[in-house]
Amino acid sequence: MSTDPKQRPSSTATADTPATKPRPPPRRSLSFSQRAVSQTLASTAQLANLLPTGTLLAFQLLTPIFTNNGACDSVTRVLTSILLALLGISCFLASFTDSFKASDGQVYYGIATSKGMWVFEPPGAGTDLPDLTQYKLRFIDFVHAVLSLLVFAVVALRDKNAVGCFYPSPSHEAQEVLDIVPVGVGLICSLLFVAVPTKRHGIGYPVTKDDQPAIKDD
């Protein structure tokens, strides 16, 4: 017959094994500001879709090079400022570009003017064109140009290289501004883009058949 003193320690150790496993610390609930910043990071990616594709690609490729991965000196800071200014102007002007598909099946691009569209590369003779006066400049184009510029500013403020170049060691107040301002600007811009949509298909955007005006028959 086995003795109890030899069995009790093993049974006790087995029973206590699950209790001795350390439990993972409970997850801390995020504060309101932290949740807002997290949502901003996701909404920034959606806002970036409202920017011209070429401008956004140039920003993503050139910003790490111009800023030296966020470690700017006096020269690279000036070059980065020039880069951001040129990309911002590109976003602004792209809102006035449009495109159409002619009777030859080719897509032609142009810029809106007060009288209609000025085509960059006019089609050859014998090609039927839509009524270009329907593409004339409108007030909503200026609204979208300003919104695109603001969206680009939001994307730039959320880029670690751009922020690290101009604000390498921000104070507590400056960091709060960098966290809060893009939230408000991004929210307002997204709401305005939904409230006042545009039908233009600028450079880099697809041309849908339903949005094309009827081609004039000669």
Side-chain angles (χ1 to χ4, degrees), residues 22-97 140-198 200 202-205:
R23 294 183 179 181
R27 295 182 178 180
R28 296 176 57 186
S29 59
L30 297 178
S31 62
F32 175 78
S33 60
Q34 291 174 331
R35 290 196 304 267
V37 171
S38 178
Q39 293 175 359
T40 302
L41 295 176
S43 62
T44 300
Q46 299 176 355
L47 287 175
N49 296 329
L50 302 174
L51 297 177
T53 305
T55 302
L56 183 61
L57 180 61
F59 174 79
Q60 293 175 344
L61 292 178
L62 297 179
T63 300
I65 300 174
F66 275 65
T67 62
N68 192 20
N69 293 322
C72 287
D73 53 22
S74 58
V75 176
T76 55
R77 188 173 293 109
V78 173
L79 294 177
T80 303
S81 301
I82 296 175
L83 174 66
L84 295 179
L86 292 177
L87 294 178
I89 294 174
S90 176
C91 291
F92 186 85
L93 295 179
S95 301
F96 301 101
T97 61
I140 191 64
D141 297 328
F142 292 94
V143 175
H144 277 265
V146 174
L147 292 178
S148 298
L149 188 60
L150 292 176
V151 169
F152 175 74
V154 170
V155 174
L157 287 175
R158 298 308 307 175
D159 184 79
K160 62 178 182 179
N161 294 321
V163 174
C165 179
F166 296 99
Y167 303 98
S169 300
S171 61
H172 179 69
E173 292 78 8
Q175 187 62 48
E176 287 183 339
V177 172
L178 293 174
D179 291 338
I180 296 174
V181 170
V183 176
V185 174
L187 177 61
I188 294 174
C189 290
S190 60
L191 292 177
L192 290 178
F193 267 113
V194 174
V196 284
T198 181
R200 294 197 184 277
I203 298 176
Y205 294 93

>> Suppose we screen for salt bridge (charged side-chain N to carboxylate O under 4.0 Å, His left out). Which residues come up paired with Asp141, at least two apart in sequence or across chains?
In response: Arg200

> Of all residues at least two apart in sequence or in a different chain, which pass the side-chain contact (heavy atoms from CB on, under 4.5 Å) check with Leu192?
Replying inline: Leu147, Ile188

>> Any heavy-atom pair between the side chains of Val155 and Asp159 that's under 4.5 Å?
In response: no

>> List the residues meeting side-chain contact (heavy atoms from CB on, under 4.5 Å) with Ile82, not counting sequence neighbours, and say none if there are none.
In response: Val78, Leu86

> What residues, two or more places apart in sequence or in another chain, satisfy side-chain contact (heavy atoms from CB on, under 4.5 Å) together with Val181?
Replying inline: Val177, Val185

> Can you check side-chain contact (heavy atoms from CB on, under 4.5 Å) on Gln175 and Ile180, steps first, answer last?
Replying inline: CA-CA 9 Å; Gln175 187 62 48; Ile180 296 174; over 6 Å; no

>> If the condition is side-chain contact (heavy atoms from CB on, under 4.5 Å), which residues does Ser171 pass it with, not counting sequence neighbours?
In response: Glu173, Ala174

> If every non-hydrogen atom of Leu157 is compared with every non-hydrogen atom of Val163, which pair is closest and at what distance?
Replying inline: O-CG2, 3.0 Å

>> Run the side chain to side chain donor-acceptor pair (under 3.5 Å) test against Ser90 and tell me which residues pass, sequence neighbours left out.
In response: Thr55

> Looking at residues at least two apart in the chain, or sitting in another chain, which of them share a side chain to side chain donor-acceptor pair (under 3.5 Å) with Thr76?
Replying inline: Asp73

> Distance from Leu62 atom CG to Asn161 atom CG, nearest 0.5 Å?
Replying inline: 12.0 Å

> Taking only residues at least two apart or on different chains, which pairs with a member in residues 153-188 satisfy ring-ring contact (aromatic ring centres under 6.0 Å, His included)?
Replying inline: none

> If you look only at pairs with a residue in residues 59-90, which of them pass as a ring-ring contact (aromatic ring centres under 6.0 Å, His included), with sequence neighbours excluded?
Replying inline: Phe59-Phe152

> Under the ring-ring contact (aromatic ring centres under 6.0 Å, His included) rule, what pairs show up with a residue in residues 75-96, not counting sequence neighbours?
Replying inline: Phe92-Phe96, Phe96-Phe142

>> Using the side chain to side chain donor-acceptor pair (under 3.5 Å) criterion, which residues pair with Ser95? Sequence neighbours excluded.
In response: Ser148

> Could you state the interatomic distance from CG (Leu84) to OG1 (Thr67), rounded to the nearest 0.5 Å?
Replying inline: 9.0 Å

> Does Thr63 use its side chain to pair, donor to acceptor, with the backbone of Gln60 at less than 3.5 Å?
Replying inline: no

>> Tell me every residue that passes disulfide bond (SG atoms under 2.5 Å apart) with Cys165, counting only those two or more places apart in sequence or in another chain.
In response: Cys72

